[in-house]
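Remarks on the structure that follows.
Given the structure is predicted, the values throughout are model-derived calculations rather than measurements.
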Amino acid sequence: MVTIADVARHAGVAASTVSYVLSGKRTISTDTRERVQRSVRALGYRPNASARALASQRSNVLALVIPLRTGMHVPVMMQFAAAVVTTARRYDHDVLLLTADEGPEGLERVAQSSLVDALVVMDIELADERVPVLRELPMPSVLIGYPDDADGLTCIDLDFVAAGAHCVDHLADLGHRSLALLGTPSAVYERQTGFAQRTLTGFADAAERRGVVGVETPCEHTFDAILHTVRELLDEHPDITGLVVQNEPIIGPLLDVLRRLGRRVPDDMSLVAICADDVAERQVPQLSSVSIPAERIGDQAVESLITKLEGGDVPALTLLPPALTARESSCQAPHRDLTTA
């Protein structure tokens with residue numbers, strides 16, 4: 001194993017000089033610093049993580065808090081987790097994944113353990129009980145999502161209000177006058193989860209602004225629940241010709257349900273989803289969609305956290321603008337009355 005002494009001999013400097021170059025704790029001349037860095041690369045030297053942590057009083061570990069709750073779609077959450085882990089490794093940090101739904105007590109326990117330097121927190125509710133603790137913890141945090149009261153916090157998210165509005169505007173521009181939002185399972189709304197509530201707000205406000213009918217309903221993940229929900233929706237609102245879907249697991253079964261009920265996509269029913277691009281693109285027909293930029297959000301969350309750890313300033317709230325891609329599942333509204341099959 002290459003040691004710091006080996007690097008010092010190769011570079012012709014003292015071991016302490018190598019240490020200062022690696023830690024950045026003292027100013028070293030450009031020529032000497034570059035000579036040490038060349039030796040580090042030539043010898044393949046990697047500083048011992050434990051030694052670095054001891055010297056800096058940091059663990060070089062970030063906690064990613066994703067409480068696995070009822071109604072969550074785990075594959076979507078893991079897209080965010082993968083982005084956080086990948087970006088953390090670029091900054092020579094590991095990630096501790098915490099999935100228990102322990103609320104404020106869980107955050108306090110992690111902070112007191114000294115296992116991690118900072119927190120990335122997900123599944124944020126509008127009145128999230130973890131917020132007061134996050135403000136008081138002696139370590140930085142970044143929230144993916146944002147509560148109603150975000151003072152003193154650092155938050156990043158997709159602008160879900162705008163996402164809901166974009167879907168309505170897209171369908172209204174195509175002449176659709178009666179729309180429905182098929183949303184998340186009921187438990188997600190009951191928890192007042194931020195992304196779901198804000199999409200609902202954007203959908204409702206845009207429907208009113210455009211003068212179109214807009215109805216909303218939660219939808220559970222089972223096929224029978226999807227069939228029951230859609231059949232009941234179309235029985236009560238037979239004029240609906242446009243659906244907005246914010247519930248990734250139901251997308252494939254929903255297309256089957258619509259076929260069973262005699263509604264062709266897009267001829268009889270246009271459909272726009274808020275989901276990952278790869279999910280939208282593998283459907284038949286391919287779905288018009290607002291993309292969930294999980295990789296970009298996870299990347300920016302970690303970059304903000306590293307900046308805070310190093311004493312830098314970051315924006316309090318970053319909302320990424322949504323982008324809607326029109327594909328095969330949306331078209332001009334049909335010029336005839338529809339009744340359910």
In this structure, are over 12 heavy atoms from other groups packed under 6.0 Å from Glu281 atom CD? yes
Is any side-chain N of the basic residue among Asp123 and Arg130 closer than 4.0 Å to the acidic one's carboxylate O? no
Main chain of Ala196, side chain of Thr193: is a donor-acceptor contact present, judged purely on distance under 3.5 Å? no
ILVMFWY network linking Val85 to Leu98, side-chain heavy atoms under 4.5 angstrom: no
Linking Ile, Leu, Val, Met, Phe, Trp and Tyr by side-chain heavy atoms under 4.5 Å, what else ends up with Val161? none
Hydrophobic cluster membership, with links at side-chain heavy-atom distances under 4.5 Å among I/L/V/M/F/W/Y: are Leu258 and Val272 in one? no
Contacts of Ser29 that satisfy side-chain hydrogen bond (donor to acceptor under 3.5 Å, both in side chains) - sequence neighbours left out: Thr32
Do any N or O atoms from the side chain of Thr17 and from the backbone of Val13 form a donor-acceptor pair under 3.5 angstrom? no
Roughly how far apart are Ser178 OG and His237 NE2, rounded to 0.5 Å? 7.5 Å
Value for CD1 (Ile240) from CG (Asp268), rounded to nearest 0.5 Å, stands at 13.5 Å
Verify side-chain contact (heavy atoms from CB on, under 4.5 Å) between Leu243 and Leu233, making sure each step is shown before the conclusion. CA-CA 11 Å; Leu243 290 178; Leu233 177 70; 4.1 Å; yes
Do the non-hydrogen side-chain atoms of Val245 and Leu271 ever get within less than 4.5 Å of each other? yes
Could you tell me whether the side chain of Pro321 reaches within less than 4.5 Å of the side chain of Asp159, counting heavy atoms only? no
Between the CZ atom in Phe195 and the CD1 atom in Ile144, the distance rounded to the nearest 0.5 Å is 13.0 Å
In terms of heavy-atom contacts, does CD of Glu295 have more than 12 from other residues, nucleotides or ligands at under 6.0 Å? no
Taking all heavy atoms of Ala326 and all of His170, pick out the closest pair and write down the distance. CB-CE1, 3.8 Å
How close do Cys219 and Ala225 get, counting heavy atoms only, and between which atoms? SG-O, 4.5 Å
Taking all non-hydrogen atoms of both residues, which atom of Ala294 and which atom of Gln79 are closest, and how far apart? CB-CB, 3.8 Å
Verify the distance criterion only: is there a donor paired with an acceptor across the side chains of His73 and Asn247 at less than 3.5 Å? no
One thing to verify: whether Asp278 and Arg282 come together as a salt bridge, which I'm taking to mean a side-chain N less than 4.0 angstrom from a carboxylate O. yes
For Asp205, all residues meeting salt bridge (charged side-chain N to carboxylate O under 4.0 Å, His left out), sequence neighbours excluded: none
Looking at CD1 of Ile226 and CZ of Arg231, how far apart are the two atoms once the value is rounded to the nearest 0.5 Å? 13.0 Å
Would you say the side chain of Leu309 lies within less than 4.5 Å of the side chain of His93, judging by non-hydrogen atoms? yes
Would you say that Met122 contacts Met77 through its side chain, given a criterion of any heavy-atom pair below 4.5 Å between the two side chains? yes
Show the nearest heavy-atom pair for residues Val284 and Leu255, with the distance to one decimal. O-CD1, 4.0 Å
Between Asp117 and Asn60, is there a donor-acceptor pair closer than 3.5 Å when you use the side chain of the first and the backbone of the second? yes
Polar side-chain atom of Glu102 near backbone of Leu107 as donor-acceptor pair, under 3.5 Å: no
Salt bridge between Asp149 and Arg135, side-chain N to carboxylate O under 4.0 Å? yes
Pairwise side-chain contact, Leu153 with Tyr146, heavy-atom cut-off 4.5 Å (strictly under): no
Decide yes or no for Leu179 and Val244: does some side-chain heavy atom of the first lie under 4.5 Å from some side-chain heavy atom of the second? no
Euclidean distance, Leu143 CG relative to Leu317 CG, rounded to 0.5 Å: 10.5 Å
Tracing side-chain contacts under 4.5 Å among Ile, Leu, Val, Met, Phe, Trp and Tyr outward from Leu126 reaches none
List in chain and number order the residues that pass side-chain hydrogen bond (donor to acceptor under 3.5 Å, both in side chains) with Arg296, two or more places apart in sequence or in another chain; answer none if no residue qualifies. none
OG1/Thr199 to NE2/His166 distance, rounded to the nearest 0.5 angstrom? 12.0 Å
Minimal heavy-atom distance between Ile292 and Leu158, with the atoms involved, is CD1-CD2, 4.1 Å
Can you sort out the partners of Thr87 under side-chain contact (heavy atoms from CB on, under 4.5 Å), two or more places apart, ordered by chain and number? Arg90, Tyr91, Asp299, Val302, Glu303
Between Ser329 and Gln283, does a side chain to side chain donor-acceptor pair (under 3.5 Å) hold up when you go through it step by step? CA-CA 9 Å; Ser329 68; Gln283 308 303 319; over 6 Å; no
Are any of the side-chain heavy atoms of His176 and Pro334 separated by less than 4.5 Å? yes
Minimum-distance pair of heavy atoms, taken over all atoms of Arg198 and Asp148: NH2-OD1, 3.4 Å
Do Ser330 and Ser270 pair up side chain to side chain, a donor and an acceptor below 3.5 Å, judged on atom types alone? no
Can you tell me if Ser289 uses its side chain to pair, donor with acceptor, with the backbone of Ala280 under 3.5 Å? no
Any link between Val215 and Leu200 through a network of hydrophobic side chains (Ile, Leu, Val, Met, Phe, Trp, Tyr) touching at under 4.5 Å? no
Got a donor-acceptor contact below 3.5 angstrom from the Glu328 side chain to the Gln286 backbone? yes
